[in-house]
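Since the structure comes first, as structure tokens, the remarks are kept for the end.
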Amino acid sequence: MASAFEGRTKPLNGRPVHTGGQTIVYWMQNSQRPHDNPALDQAIALANERGVGVTIYVALDATAPHATARTFSFLIDGLRDTVRQLGERGITAVVRAEAAVPGVVALAREAQACAVVTDLSPLRRGRRLRQEAANLIGVPLIRVDGDHIVPLRLIGKEQWAARTIRPVIHRLLPTWLQEPEAIEPQRRGLTLDSIDLAQTSTDSLLDALQIDRSVPPAEDAPPGPTEAARRLDQFVAQTLPGYAGNGRSAERAGSGLSPYLRFGQISPLRLALAARAADVPDDDRAAFLEELIVRRELASNFVAYNPAYDRLDGLPTWARETLAKHADDPRPFVYTRDEFAVAQTHDPIWNATQRELLARGRIHNYVRMYWGKKIIEWSASHAEALKTALWLNDRFALDGRSANGFTNVLWLFGKHDRPWTERPIFGTVRWMSERGVASKFELKAYLARWNLSEMTLTVAPHS
DNA sequence: ATCGGCTCGCGCAA
DNA sequence: TGCGCGAAGCCGAT
């Protein structure tokens with residue numbers, strides 16, 4: 001087969017390999033997992049070629065936006081699992097509490113790296129950090145896209161909607177939906193000054209980093225690649241059969257794997273291969289692969305090719321124009337961001353969705369749309385609504401600050417969607433009603449679980 | 001319960 | 001240039 005790295009790999013600077021170097025550094029940004037990791041595999045291949053080992057670099061940067069106990073405990077606990085598994089293969093890890101760019105530049109020098117490999121986050125911040133590092137590092141910085149089944153850059157341009165990216169993906173899929181070749185390092189990585197995660201509790205690390213504790217760890221989501229793999233097995237056995245089944249997304253149980261995908265703790269390719277091999281009806285398999293590949297990679301395509309992925313400017317013309325036309329429509333209720341954040345609206349359904357978000361770091365698939373559409377309806381302006389929805393999702397959702405998070409929010413305003421009947425506030429952007437939710441969703445149980453009056457909100461609004 | 005219309009524009013067929 | 005059809009809906013008619 002053609003090298004598995006072709007198409008996934010792009011050198012970000014023109015530096016020559018340091019031939020006298022002592023290690024290959026893998027700057028682990030997004031793909032925080034020890035297996036099924038093309039960037040790591042690329043690092044191992046380069047290291048074996050040069051007769052050196054692989055040293056992982058991870059920066060714990062407490063100044064990252066929305067660095068809270070929720071996101072950082074998920075990250076740190078997952079990383080502890082990842083680093084332990086890597087260590088068993090002779091791949092050492094350097095984990096430091098510092099800003100990533102100066103950190104990786106300094107480490108490349110300190111470790112006498114032959115080259116530095118990193119993975120791909122398509123978000124603005126990840127791109128900027130990579131570019132800055134590429135300019136400052138004296139050896140090659142090589143980017144490997146390991147978080148998509150079809151490498152992002154092969155799609156080539158921003159896609160209009162699922163129906164335009166779908167045929168492109170299906171054409172390329174036979175090449176990329178393949179069991180990857182396993183590769184093992186021949187030499188050990190370097191042992192350098194590092195936070196020892198095996199000896200450091202998450203709590204003490206959160207304290208040391210002065211992480212914002214006002215957003216507690218999410219319920220029902222123990223992090224780590226080991227847990228992610230366990231959940232995958234369980235999903236394939238229990239939830240995948242019948243996944244397409246009842247048809248209505250309202251009743252469809254989700255895979256529950258999105259937080260692990262978000263933090264790179266499981267590979268989308270592994271999920272797809274497991275679904276492909278599963279002994280389940282074809283339509284169940286197809287429904288899952290559609291969500292995992294077509295919809296997820298459409299989201300990455302959007303943030304990768306549209307710099308306005310978090311602004312109304314990122315919307316198609318028809319949506320921008322229809323929203324502008326309805327900018328001054330009177331709103332039936334107007335809430336501020338902080339009122340939304342503490343679930344203080346007049347609507348028990350909406351309040352329940354927000355409470356679920358606060359507690360679990362996600363909202364059930366179906367009512368998540370309702371949650372977002374009502375923020376549009378009950379905010380002073382469309383721009384304000386977007387700010388609120390993004391802030392709530394970035395801060396409280398485990399899938400916040402990800403391509404999926406941004407795309408889900410922009411979808412509320414018409415992205416990747418089509419126009420419908422014109423109505424107040426929304427114009428021709430799709431609207432959702434309480435009546436619809438009540439008829440399509442098992443509301444009683446949901447409200448009983450999330451709208452208990454005695455439930456205390458542990459999360460205070462915060463800037 | 002089910003169905004058609006709403007409304008726009010991409011991408012392909014011709 | 002014409003035409004089919006689309007990320008999860010809503011509403012009113014039957």
Side-chain angles (χ1 to χ4, degrees), chain A residues 155-172 242-255 258 283-284 286-303 305-306 309 312 314-326 329 332 347 349-350 353 356 362-377 389 393 397 399 402-443 446:
Chain A
I155 305 293
K157 62 171 183 179
E158 185 184 355
Q159 295 292 318
W160 180 260
R163 74 180 171 86
T164 63
I165 201 174
R166 188 175 296 115
V168 184
I169 284 180
H170 281 286
R171 183 167 53 77
L172 295 170
Y243 192 80
N246 39 34
R248 295 239 65 105
S249 56
E251 281 134 61
R252 182 188 288 176
S255 69
S258 51
D283 56 341
D284 292 335
F288 177 65
L289 292 177
E290 164 78 10
E291 289 184 14
L292 174 70
I293 309 180
V294 173
R295 282 171 33 182
R296 182 172 177 275
E297 301 196 2
L298 176 64
S300 293
N301 171 271
F302 174 44
V303 304
Y305 288 101
N306 193 326
Y309 63 75
L312 294 174
L315 297 173
T317 309
W318 72 265
R320 284 202 314 269
E321 287 177 349
T322 195
L323 290 173
K325 188 175 155 199
H326 290 269
D329 292 359
D347 177 11
I349 305 174
W350 196 91
T353 63
E356 186 189 9
R362 58 200 179 96
I363 303 176
H364 183 287
N365 276 342
Y366 186 81
V367 277
R368 184 177 58 215
M369 299 185 283
Y370 179 82
W371 171 87
K373 292 291 186 182
K374 291 304 167 189
I375 293 174
I376 298 178
E377 196 173 338
N393 200 60
D399 90 338
S402 75
N404 272 307
F406 288 108
T407 307
N408 284 338
V409 170
L410 271 283
W411 176 85
L412 301 167
F413 295 80
K415 188 73 197 179
H416 297 157
D417 205 1
R418 63 163 153 150
W420 301 88
T421 312
E422 187 163 15
R423 52 174 306 118
I425 304 172
F426 290 84
T428 57
V429 169
R430 185 195 302 260
W431 176 78
M432 288 181 78
S433 69
E434 182 178 339
R435 232 181 77 183
V437 175
S439 69
K440 287 174 186 145
F441 187 69
E442 191 38 78
L443 261 187
Y446 186 77

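Both backbone and side-chain heavy atoms feed into the values below; hydrogens, waters and symmetry mates do not. Protein chains get the first letters and strands the later ones, always in sequence-line order, with residue 1 at the start of each.
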Would you write the dot-bracket representation of DNA chain C, where each base gets (, ), [, ], | or . depending on whether it forms a Watson-Crick or G-U pair under 3.5 Å and with which partner? ||||||..||||||
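- Using cut-offs of 30° and 60° for the angle between ring planes, the A:W350 and A:W371 rings count as parallel.
- Across the P atoms, C:dA7 and B:dC12 are found 15 Å apart, a figure rounded to whole Å.
- Annotation: side-chain hydrogen bond (donor to acceptor under 3.5 Å, both in side chains) contacts of A:T164 (sequence neighbours excluded): A:Q159.
- A:W318 places a side-chain heavy atom less than 4.5 Å from the side chain of A:V429.
- The side-chain hydrogen bond (donor to acceptor under 3.5 Å, both in side chains) test applied to A:W411 returns no partner, not counting sequence neighbours.
- Looking at A:R295, its side chain comes within 3.5 Å of the base of C:dA8 through a donor and an acceptor atom.
- Separating the OH atom of A:Y370 from the P atom of C:dG9 is a distance of 14 Å, rounded to the nearest angstrom.
- Of the P atoms belonging to C:dT1 and B:dT7, the separation is 25 Å, rounded to the nearest Å.
- A:R296 comes within 4.0 angstrom of nothing in the nucleic acid, heavy atoms only.
- By the ring pair (Phe, Tyr, Trp, His ring centres under 6.0 Å) test, A:F288 pairs with A:F235, A:Y243, sequence neighbours left out.
- For the P atom pair drawn from B:dA14 and C:dC5, the interatomic distance equals 14 Å after rounding to whole Å.
- Atom P of nucleotide C:dA7 and atom CG of A:L289 are separated by 17 Å, given to the nearest angstrom.
- Applying the ring pair (Phe, Tyr, Trp, His ring centres under 6.0 Å) criterion to A:Y370, with sequence neighbours excluded, gives no partner residue.
- Here A:K373 pairs with nothing under the salt bridge (Lys or Arg N to Asp or Glu O under 4.0 Å) rule; sequence neighbours left out.
- Per the geometry, CG belonging to A:D417 stands 10 Å off P belonging to C:dG9, to the nearest Å.
- Every residue meeting the salt bridge (Lys or Arg N to Asp or Glu O under 4.0 Å) condition with A:E158, not counting sequence neighbours, appears here in chain and number order: A:K415.
- Note: CG (A:N408) to C1' (C:dA7) measures 10 Å, nearest angstrom.
- A:L298 places its CG atom 9 Å from the P atom of C:dA7, with the value rounded to the nearest Å.
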Heavy atoms under 4.0 Å is the rule here; annotate nucleotides 5-11 of chain B 5' to 3' with B where the base is hit, S where only the sugar-phosphate is, and - elsewhere. -BBBBBS
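- Identified under the salt bridge (charged side-chain N to carboxylate O under 4.0 Å, His left out) test for residues 417-428 of chain A, with sequence neighbours left out: A:K325-A:E422, A:D417-A:R430.
- Within the 3.5 Å criterion, the main-chain N or O of A:N404 finds no donor-acceptor partner in the side chain of A:T407.
- One atom, CZ of A:F406, and another, P of C:dA7, lie 23 Å apart when rounded to the nearest Å.
- As a whole-Å value, the separation of A:N404 CG from C:dA8 P is 16 Å.
- Checked against salt bridge (Lys or Arg N to Asp or Glu O under 4.0 Å), A:R166 has the following partners two or more places apart in sequence or in another chain: A:E290.
- Listed by residue number, the members of residues 429-437 of chain A with any heavy atom below 4.0 angstrom from DNA chain B form an empty set.
- In terms of phosphate contacts, A:Y366 brings a side-chain nitrogen or oxygen within less than 4.0 Å of OP1 or OP2 of C:dG9.
- Taking the C1' atom of each, B:dG11 and C:dA8 are spaced 23 Å apart, rounded to whole Å.
- For A:R296, there are no salt bridge (Lys or Arg N to Asp or Glu O under 4.0 Å) partners two or more places apart in sequence or in a different chain.
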